[in-house]
Chemist: 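Have a look at the structure that comes next, please.
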Amino acid sequence: MLEETIRAKMSQKDILLMTHIVIGYPSFDDSLRVVESMVEAGVDLMELQIPFSEPIADGPVILHANQQALAAGSTVERCMEFGEQVSKRFDIPFLVMTYYNILFKYGVGRFAERLSAAGLQGAIVPDLPPEEAETYLAAMKANSLAPIFIYSPNTRSERMKLIDEVAEGLIYCVARKGVTGADTSFSAEFGDYLSRCRAATKLPLALGFGVKNAEDVEFLRGQVEIAVIGTQSIRVLEDEGIGAIKGFIEGLR
Amino acid sequence: MNDRGYYGQFGGAYIPEILVATFDELTLAYESAKADPTFWQEFEELMRTYSCRPTPITFAENLTRHFGGAQIYIKREDLNHTGAHKVNNVMGQGLLIKRMGKSRVIAETGAGQHGVATATMAAKFGLECTIYMGEVDVARQRPNVFWMERLGADVVPVTHGSRTLKDAINEAFRDWVTNMDTTHYALGTVCGPHPFPAMVSWLQSIIGKEARAQMLERTNRLPHRVYACVGGGSNAMGIFSGFFEDEVELIGVEAGGRGIDSGAHAARLASKDASLGVAQGYKTFFLQDDDGQMRHTHSVAAGLDYVGVSPILSHLHEQGRVRFESATDREVVDALALTVRKEGLIPALESSHAFVQAFKEAPELSSDDILLINQSGRGDKDIFTVADAFGDPKWEQFIRDKAEQYNA
Ligand SMILES: Cc1ncc(COP(=O)(O)O)c(C=O)c1O
């Protein structure tokens, strides 16, 4: 279902934008206004991160947002309610991003049912490799949700194919080594990596980590289906306020 | 253990995709070292000539008389170079780093013992070195920070989360996902994703191998009970592994902090407060809330102040092979004071947890019974914390005078 939605959108645009927020940062009200601004600015898909106290794949900006959201009282249940609220109100696909312990403690089956009931379309769980994902995959399938997996530049081609066998919706291609938030130099050798990704899967490719301005999005146009803006929109929010989000997103493509 | 590093339901490797290739490389290096007898020979030789191994067993005659029950023996890991068992694991991983051809090493540290050991190994082997340490621990283990820096390491205080050991581990992982081509992460305990629990247990098993042979030689028997403190669980796994096949009771002692009822502790297996979870790359018991967010822990001993525990120990706990107890901060300081006065030994605050439990049980046993305590490290590093706990007015005056000198 997610894949079809992406393909349908691709028939109208030559690159889609996926943005990311940490639910409850800096507050639930603000998160709602950020989603609203992003949707108005034409964002095609969104990742909603349920905060976790130990986000090992995230750099300082998103780490800080996770901790602030928790300190401000974000709970998993409130995040689910938030997901339900935005997916009812806005007509774009919403995905959940979080770490595996959140699903594990909630109960993986129950978590998937709750996502589905809330109208969310898939999940990204960066610390859950396919080898550990049996229960998760079954639960996602039973609820018609897309389990989204990750490729990285040092993922060997055979492994990419293995991941493709269990992934649905899209493949999230990490642009480089490191955590979220650092700069990425989109260079020529990047082409090799993307063609390896392309050869391993027929799913749409979303590229993230370090995508932050119109120049980066322009570079990716024609190479991947989706450009992912993560940390940069949190920076805009922190430095310039919610009012600046819409203009920032509109300026990206 | 199966090949994904599960011990019963505990363990595994919950790692981000970017690190999968790095873990494959490490697992290969570990397995080939384990299969190669010259590796262990080289390791033993290095530890013999660089770190005073085999460390002796000391009969604690005065403590034995004091409690009037079981005979108390102590395995002296405090006599290692750098003052704790941590160096066993670190020198072993150093040899692996040489085999893998990497030029930089990073590590987390709580008490600073693992950090000092890693910085020492880096100096000896000519590696670049960065140590991540929670800000809270930097403040309470300053002497170790000082030595790490003298040894050439870059010590990075970690300022987020609970600013203790778990946060230092997260930060080391963040470094590693960026620099894995040149860098090895020398994790300091038997936790984290496979192969770390297996690999660190293997390197620390040098303690148990020696201890078993030494007890037989010395007493003609095996001890009835063996005690070790448990932070992540590496000194415990090290000594326990010598006795798994024997009828020897194994007791792990966790940090009871201000008491289990206070909630301010780090007792994962000895209390009912922890539950099964997945964090820091592995599945085990964590002190966490119902949503799966990690809770703050507390211990007077920085090296035991940790939310998770070895998946291998969780499994041994579930099987009933290892018994878990806890010791409070107060009990620990008292046991430390008694050991210093009676035996002239200065156990680290971490190690003193094991002494507490042995002291509770010794009087109830007969003089035929033998207890063995693992003194995982020496207490010199704890001088500031211990002086505060004793409320030593002369020490306080000394610190004031010293500060005056800097102000002058
Ligand atoms: C002296 C000493 N003992 C014990 C520990 C706890 O670690 P583990 O449980 O891995 O032995 C530490 C950790 O820093 C330590 O320094």
Side-chain angles (χ1 to χ4, degrees), chain A residues 50-60 63-64 66-71 74-79 98-106 108 111 125-133 149-156 159-160 162-163 171-182 209, chain B residues 2-6 9 11-25 158-163 166-167 169-183 192-194 275-284 286-296 307-308:
Chain A
I50 302 179
F52 179 46
S53 58
E54 320 299 316
I56 52 168
D58 285 302
L63 166 64
H64 174 78
N66 272 261
Q67 292 188 330
Q68 290 303 115
L70 290 173
S74 178
T75 61
V76 176
E77 205 44 57
R78 282 187 76 188
C79 290
T98 193
Y99 290 84
Y100 187 53
N101 201 42
I102 299 295
L103 286 73
F104 186 79
K105 281 293 281 183
Y106 199 87
V108 176
F111 189 90
V125 188
D127 63 343
L128 187 68
E131 291 86 348
E132 303 282 3
F149 284 90
I150 294 171
Y151 285 176
S152 77
N154 58 9
T155 306
R156 289 185 313 274
R159 185 174 166 82
M160 285 183 173
L162 206 113
I163 294 171
I171 294 278
Y172 192 119
C173 304
V174 168
R176 54 160 169 76
K177 294 168 190 152
V179 289
T180 54
F209 277 39
Chain B
N2 69 12
D3 41 340
R4 283 200 61 79
Y6 273 94
Q9 59 175 324
Y14 294 80
I15 46 179
E17 182 55 35
I18 192 90
L19 279 178
V20 168
T22 309
F23 271 87
D24 287 350
E25 180 194 12
V158 178
T159 56
H160 47 255
S162 55
R163 296 171 292 137
K166 81 170 168 61
D167 310 283
I169 293 177
N170 290 338
E171 216 45 39
F173 272 112
R174 292 190 183 103
D175 180 317
W176 210 20
V177 300
T178 313
N179 302 306
M180 70 288 251
D181 293 344
T182 58
T183 300
H194 178 67
S275 62
L276 196 57
V278 178
Q280 307 213 298
Y282 68 112
K283 186 186 283 183
T284 194
F286 287 99
L287 289 162
Q288 55 182 332
D289 70 14
D290 292 342
D291 266 0
Q293 312 295 355
M294 296 302 137
R295 297 195 347 211
H296 285 260
V307 286

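Below, read A as the first sequence line, B as the second, and so on, with proteins coming before strands; counting in each chain starts at 1.
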Chemist: Which atoms of A:Gln67 come close to chain B, meaning under 4.5 Å heavy atom to heavy atom: side chain ones, backbone ones, both, or neither?
Modeler: side chain
Chemist: Among side-chain atoms of A:Thr155 and B:Glu17, is any donor-acceptor pair under 3.5 angstrom?
Modeler: yes
Chemist: Which one of A:Tyr99, A:Phe149, A:Tyr100 has the most heavy-atom pairs closer than 4.5 Å to chain B?
Modeler: A:Tyr100
Chemist: I need the minimum non-hydrogen distance between B:Asp291 and A:Ile102, along with the two atoms involved.
Modeler: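 The pair with the smallest heavy-atom distance is O-CD1, 3.5 Å.
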Chemist: So with a 6.0 Å cut-off around CG of B:Asp290, is the heavy-atom count from everything else above 12?
Modeler: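 Incorrect, the count does not exceed 12.
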Chemist: Report which part of A:Leu103 has an atom under 4.5 Å of a heavy atom belonging to chain B: side chain, backbone, both, or neither.
Modeler: neither
Chemist: Go through B:Thr22, B:Asp175, B:Asp167, B:Ile15 and name the one with the most non-hydrogen pairs under 4.5 angstrom from chain A.
Modeler: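 So the answer, after comparing B:Thr22, B:Asp175, B:Asp167, B:Ile15, is B:Ile15.
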Chemist: Sort A:Asp58 into side chain, backbone, both or neither according to what part of it lies under 4.5 angstrom from a heavy atom of chain B.
Modeler: backbone
Chemist: Can you find a heavy atom in the side chain of A:Glu54 that is under 4.5 Å from one in the side chain of B:Ile169?
Modeler: no
Chemist: Name the option with the most non-hydrogen atom pairs under 4.5 Å to chain A; the candidates are B:Asp24, B:Val177, B:Val307.
Modeler: B:Val177
Chemist: Chain B heavy atoms under 4.5 Å from A:Arg156: which part of the residue, side chain, backbone, both or neither?
Modeler: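 Only the side chain of A:Arg156 comes within 4.5 Å of chain B.
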Chemist: Mark yes or no for whether A:Asp127, through its side chain, and B:Gly281, through its backbone, hold a donor-acceptor pair below 3.5 Å.
Modeler: no
Chemist: Per the side chain to side chain donor-acceptor pair (under 3.5 Å) rule, which among B:Asn179, B:Asp181, B:Thr178 passes with A:Lys177?
Modeler: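 Of all the options given, the one that passes is B:Asp181.
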Chemist: Given A:Lys105 and B:Ser275, is the side chain to side chain contact (heavy atoms under 4.5 Å, CB included) satisfied, shown in steps?
Modeler: CA-CA 9 Å; A:Lys105 281 293 281 183; B:Ser275 62; 2.7 Å; yes
Chemist: Sort A:Pro60 into side chain, backbone, both or neither according to what part of it lies under 4.5 angstrom from a heavy atom of chain B.
Modeler: neither
Chemist: Which heavy atom of A:Phe104 sits nearest to which heavy atom of B:Leu276, and what is that distance?
Modeler: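 Distance-wise, the nearest heavy atoms are CE2-O, 3.4 Å.
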Chemist: Which heavy-atom pair separates A:Asn101 from B:Gly277 by the least distance, and what is that distance?
Modeler: OD1-CA, 3.2 Å
Chemist: Given side chains that start at C-beta, do those of A:Pro55 and B:Arg174 come closer than 4.5 Å, heavy atoms only?
Modeler: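 Touching, per the 4.5 Å side-chain cut-off.
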Chemist: I'd like to know which of A:Thr75, A:Val76, A:Ile150 tops the heavy-atom pair count under 4.5 Å against chain B.
Modeler: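 Most heavy-atom pairs under 4.5 Å with chain B: A:Val76.
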Chemist: Looking at A:Asn66, A:Leu70, A:Ile50, which one has more heavy-atom pairs under 4.5 Å with chain B than the rest?
Modeler: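 Option with the top pair count is A:Leu70.
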Chemist: Which pair of heavy atoms, one from B:Ala13 and one from A:Pro129, lies closest together, and at what distance?
Modeler: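 So the two residues come closest at O-CG, 3.5 Å.
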Chemist: Testing the basics here: between B:Tyr14 and A:Glu132, what is the closest heavy-atom pair and its distance to 0.1 Å?
Modeler: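 So the two residues come closest at OH-OE1, 3.4 Å.
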Chemist: Please round to the nearest 0.5 Å and tell me the distance separating atom CG of B:Leu19 and atom CD1 of A:Ile56.
Modeler: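 These two atoms lie 7.5 Å from each other.
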Chemist: Under 4.5 Å heavy-atom distance to chain B, tell me which part of A:Leu63 shows up: side chain, backbone, both or neither.
Modeler: side chain
